Amino acid sequence: MPVTSAAGAATGEGARPMDILRLATAGSVDDGKSTLIGRLLYDSKAILEDQLAAVERTSRARGEDYTNLALLTDGLRAEREQGITIDVAYRYFATPRRKFIIADTPGHIQYTRNMVTGASTADLAIVLVDARNGLTEQSRRHAFLTTLLRVPHLVLAVNKMDLVDYDQATFERISEEFAAFAAKLEIGDLTFVPISALHGDNVVQRSANMPWFDGPSLLHHLEHVHIASDRNLIDVRFPVQYVIRPHQATDPELHDYRGYAGQVAGGVLKPGDEVMHLPSGLTTKIQRIDTAQGPLPEVFPPMSVTLVLEDDLDISRGDMICRPHNQPWVSQDIEAMVCWMSESRTLARRDRLIVKHTTRTVKAIVRDLHYRLDVNTLHRDETADHLGLNEVGRVTLRLTQPLFCDPYSRNRQTGGLILIDEATNATVGAAMITEGH
């Protein structure tokens with residue numbers, strides 16, 4: 001995966017720390033997602049000269065009289081030959097204000113699972129709509145999936161405005177139609193931008209062709225959208241990933257060292273804070289918070305750190321550290337919305353699976369399939385007896401051991417599950433916890 005020169009410069013020694021915006025693109029086939037990302041990379045000077053030269057050569061070889069910027073992201077040979085995006089392509093670039101990780105996700109309905117993968121960690125999703133076609137079934141499908149995955153910020157980019165003569169009425173009609181559909185969903189922050197990815201209108205620079213639009217360019221919005229408060233800073237959640245015991249240490253101070261390494265999944269932790277260990281329920285205090293760069297006075301999501309506690313507790317991988325008076329659910333029965341991703345098998349009642357949740361892995365059985373959801377109409381089919389590839393439904397899972405979890409709507413880290421096939425060890429689904437019993 002290539003790292004651009006701009007991103008490389010931003011992460012060099014002595015560079016000031018910048019926050020990272022993870023964004024995913026979605027939309028129907030041929031709405032211009034790959035072209036938009038290519039334009040962002042090109043206009044923000046985030047591609048190398050040899051990359052651009054290669055794209056220009058390929059464009060000429062295809063008989064195109066313009067530089068096809070979509071080729072910057074459609075990296076697979078099959079994608080270039082068919083002119084479609086198949087897999088999730090990740091691209092990295094940076095501006096002086098922020099670093100970006102872009103997940104370019106496919107538009108085809110048969111690749112919905114790839115779109116779910118790309119959007120599951122996104123802070124912001126861009127749903128593209130072709131100005132000539134307006135909202136399609138896929139546009140609504142992708143908007144619903146981004147809200148199901150609790151992506152905090154959503155941008156509707158009305159693309160190919162050049163092909164409708166930059167008509168204001170067309171943009172407003174599509175925006176109003178989407179706003180009416182979005183009212184049925186839980187969208188925290190919704191923004192509308194008219195663009196032409198091919199010509200660069202309103203992508204990086206404001207467009208002189210659309211003087212009627214008084215909003216910012218797409219890149220300006222991406223640089224300034226506020227994401228610091230999107231993560232849960234209230235509920236302390238620290239899933240233990242690894243116990244550090246340097247038995248061979250020559251330094252006497254390290255001989256009795258016991259640290260608990262992991263990634264902060266919620267809340268703010270400081271030395272001196274009282275914390276509780278699950279599943280034991282025992283309490284202690286944080287003595288120190290270590291990192292590779294030295295101890296820290298305060299940590300928060302998504303920092304990876306090592307906690308040193310005042311008391312010697314029996315803590316192992318998969319355990320949880322939280323606040324005594326703010327604990328997660330401790331549950332063996334979980335209700336969740338499942339996105340099924342397997343071509344080789346379906347999901348049905350009584351099926352057995354492996355569930356991976358934060359750093360904990362347990363076995364589970366599907367106790368009940370409540371309904372299958374039509375993500376285009378939002379209709380619930382309560383007669384459904386299975387979920388097939390790319391289908392979404394609500395299930396109850398019975399686990400062999402309890403999980404320490406939260407609703408996905410409150411914490412995406414402690415509320416998300418990965419479903420794994422027992423026989424093949426392949427990932428077959430992703431789930432968002434709605435209830436615990």
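Remember, predicted model here, so these are calculated numbers, not experimental data.
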Next item on the list: Taking side chain to side chain contact (heavy atoms under 4.5 Å, CB included) as the test, write out the residues that go with A119, two or more places apart.
Entry: A24, M115, L149, V151
Note to self: Could you check whether any side-chain heavy atom of P194 comes within less than 4.5 Å of a side-chain heavy atom of N202, counting everything from C-beta outward?
What the structure shows: yes
Next item on the list: For E343, enumerate each residue passing the salt bridge (charged side-chain N to carboxylate O under 4.0 Å, His left out) test, keeping only those at least two apart in sequence or located in another chain.
Entry: R113
Notebook entry, point to check: How about Q241 and R317: do any of their side-chain heavy atoms sit closer than 4.5 Å?
Noted result: yes
Item checked: T414 side chain to D406 side chain, donor-acceptor N/O pair below 3.5 angstrom -> yes
Check: Can you tell me if NE2 on H224 sees more than 12 non-hydrogen neighbours from other groups inside 6.0 Å?
Finding: yes
Notebook entry, point to check: Are side-chain heavy atoms of L124 and H221 found at a separation under 4.5 Å?
Noted result: yes
Next item on the list: To the nearest 0.5 angstrom, please state how far the CG atom of L353 sits from the CG atom of D421.
Entry: 7.5 Å
Next item on the list: Could you give me the CA-CA distance, side-chain angles and deciding distance for R150 and E186, then say whether side chain to side chain contact (heavy atoms under 4.5 Å, CB included) is met?
Entry: CA-CA 8 Å; R150 298 285 172 173; E186 294 182 44; 3.0 Å; yes
Margin query: Taking atom CZ as the centre, does R380 end up with more than 12 heavy-atom neighbours from other residues, nucleotides or ligands that are less than 6.0 angstrom away?
Written below: no
Note to self: Checking side-chain polar atoms at under 3.5 Å, does S331 have a donor or acceptor matched by the opposite partner on D333?
What the structure shows: no
Next item on the list: Drop me the distance from L41's CG to L36's CG, to the nearest 0.5 angstrom.
Entry: 9.5 Å
Notebook entry, point to check: Do the non-hydrogen side-chain atoms of N326 and V236 ever get within less than 4.5 Å of each other?
Noted result: no
Checklist line | Intermediate values then yes/no, side chain to side chain contact (heavy atoms under 4.5 Å, CB included), H370 and T396 | finding: CA-CA 8 Å; H370 301 285; T396 297; 2.6 Å; yes
Under 3.5 Å, which donor-acceptor pairs do the side chains of residues 173-183 form with other protein atoms, sequence neighbours left out?
residue	atom	partner	partner atom	Å
S175	OG	F171	O	2.9
E177	OE2	R140	NH2	2.9

Next item on the list: Can you establish whether the number of heavy atoms outside Q205 located under 6.0 Å from its atom CD is more than 12?
Entry: no
Next item on the list: Compute whether any side-chain donor of one residue and acceptor of the other, for D201 and Y166, lie under 3.5 angstrom apart.
Entry: yes
Item checked: Interatomic distance, R141 atom CZ to L378 atom CG [nearest 0.5 angstrom] -> 11.5 Å
Notebook entry, point to check: Any side-chain heavy atom of L222 within less than 4.5 Å of one from T95?
Noted result: no
Item checked: Residue pair H153 / D230, side-chain donor-acceptor N/O under 3.5 Å -> yes
Checklist line | Criterion side chain to side chain contact (heavy atoms under 4.5 Å, CB included) on E335 and R394, from CA distance to verdict | finding: CA-CA 7 Å; E335 274 197 33; R394 189 181 182 110; 2.8 Å; yes
Next item on the list: Please name the residue in the list R98, R231, K99 that meets the salt bridge (charged side-chain N to carboxylate O under 4.0 Å, His left out) test with D19.
Entry: R98
Note to self: Working note: L369 + L347, criterion side chain to side chain contact (heavy atoms under 4.5 Å, CB included); need CA distance, chi angles, decisive distance, verdict.
What the structure shows: CA-CA 9 Å; L369 172 58; L347 178 71; 5.7 Å; no
Checklist line | pair C339-M432: side-chain heavy atoms closer than 4.5 Å | finding: yes
Next item on the list: Look up atom NE2 in H386 and atom CG in D351, then write down how far apart they are to the nearest 0.5 Å.
Entry: 11.0 Å
Notebook entry, point to check: How long is the span from the CD atom in E172 to the CZ atom in F192, to the nearest 0.5 Å?
Noted result: 11.0 Å
Item checked: Value rounded to 0.5 Å, distance of CG in D167 from CE in M210 -> 11.0 Å
Checklist line | Within-4.5 Å side-chain heavy-atom neighbours: I420 and N425 | finding: yes
